[in-house]
Amino acid sequence: KAGVTQTPRYLIKTRGQQVTLSCSPISGHRSVSWYQQTPGQGLQFLFEYFSETQRNKGNFPGRFSGRQFSNSRSEMNVSTLELGDSALYLCASSLYHAGNSGANVLTFGAGSRLTVL
Amino acid sequence: EDKVVQSPLSLVVHEGDTVTLNCSYEVTNFRSLLWYKQEKKAPTFLFMLTSSGIEKKSGRLSSILDKKELFSILNITATQTGDSAVYLCAANFGNEKLTFGTGTRLTIIP
């Protein structure tokens, strides 16, 4: 069974540019979450999607956005990049259903390492 | 604000030692606590705990949750160099969002 796949694995951008990251969840998983990991702040929640709807959003500026497609694949976009956006962006999927709300195991992808110069 | 605190921040031990990693949480509407191991990139799942006092075990690793005192521990016995990693604790408070601690960096010296 394939795991969570994230592309690209590494990318370098300059300030002011925008970036789009992609995530393909485990087959059958309909919940997809995004996290930002930095040495100073650790793992911080960005947003979570289920059935193409954003259900939760973390405390990030509006420059961070995302979406989910009908096949559960997800993308996140960061516009007007800043130096502080340099981070590892992790996507996770889970087999969420109403009966296991709050007790889901998230399976993470290997991440996309973004460097902003 | 929901908060997860891990201790110690880092730990260096010799191969064969036993270690205990700590995780305390302050979350309203707590639903579950999860432990992950992160070596290079993707955090890999270790345990999910929802009930107090029930130990989860996998080989040399075990974990337990105390919902009254709001903490969990992760034990690793007979440590090996392959156990060197960052161990992450996270709490779920019911909306499919995990709040992570900053992690404990464990280094095993051969």
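Per chain, numbering begins at 1; letters A, B, ... match sequence-line order.
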Side chain / backbone / both / neither for A/Leu43 at chain B, heavy atoms under 4.5 Å: both
Rounded to the nearest 0.5 Å, how far does CD of A/Gln44 lie from CG of B/Leu98? 13.5 Å
Donor-acceptor check, side chain of B/Tyr36 to backbone of A/Thr107, threshold 3.5 angstrom: yes or no? no
Is it true that A/Leu106 and A/Val4 fall in one hydrophobic cluster, defined by side-chain heavy atoms closer than 4.5 Å? no
Are A/Arg55 and B/Lys97 side-chain neighbours, meaning at least one heavy-atom pair lies under 4.5 Å? no
Tell me whether A/Val19 shares a hydrophobic cluster with A/Val32, the cluster being built from Ile, Leu, Val, Met, Phe, Trp, Tyr side chains joined at under 4.5 Å. yes
Nearest heavy atoms of B/Leu34 and A/Asn104, plus distance in Å: CD2-O, 3.7 Å
More than 12 heavy atoms of other groups within 6.0 Å of B/Arg60 CZ: yes
Any chain of hydrophobic side-chain contacts (each under 4.5 Å) joining B/Tyr87 to B/Ile108? yes
Hey, would you say the B/Phe100 and A/Tyr35 ring centroids sit under 6.0 Å apart? yes
Look at the side-chain heavy atoms of Ile, Leu, Val, Met, Phe, Trp and Tyr, link any pair under 4.5 Å apart, and say whether A/Leu46 and A/Leu11 land in one connected group. yes
For chain A, which residues from residues 41-52 of chain B lie under 4.5 Å away (heavy-atom distances)? B/Lys41, B/Ala42, B/Pro43, B/Phe45, B/Met48, B/Thr50
Would a single hydrophobic cluster contain both A/Phe108 and A/Phe45, if residues Ile, Leu, Val, Met, Phe, Trp and Tyr are joined by side-chain heavy-atom contacts under 4.5 Å? yes
Against chain A, label B/Leu33 side chain, backbone, both or neither, depending on which of its atoms sit under 4.5 Å from a heavy atom there. neither
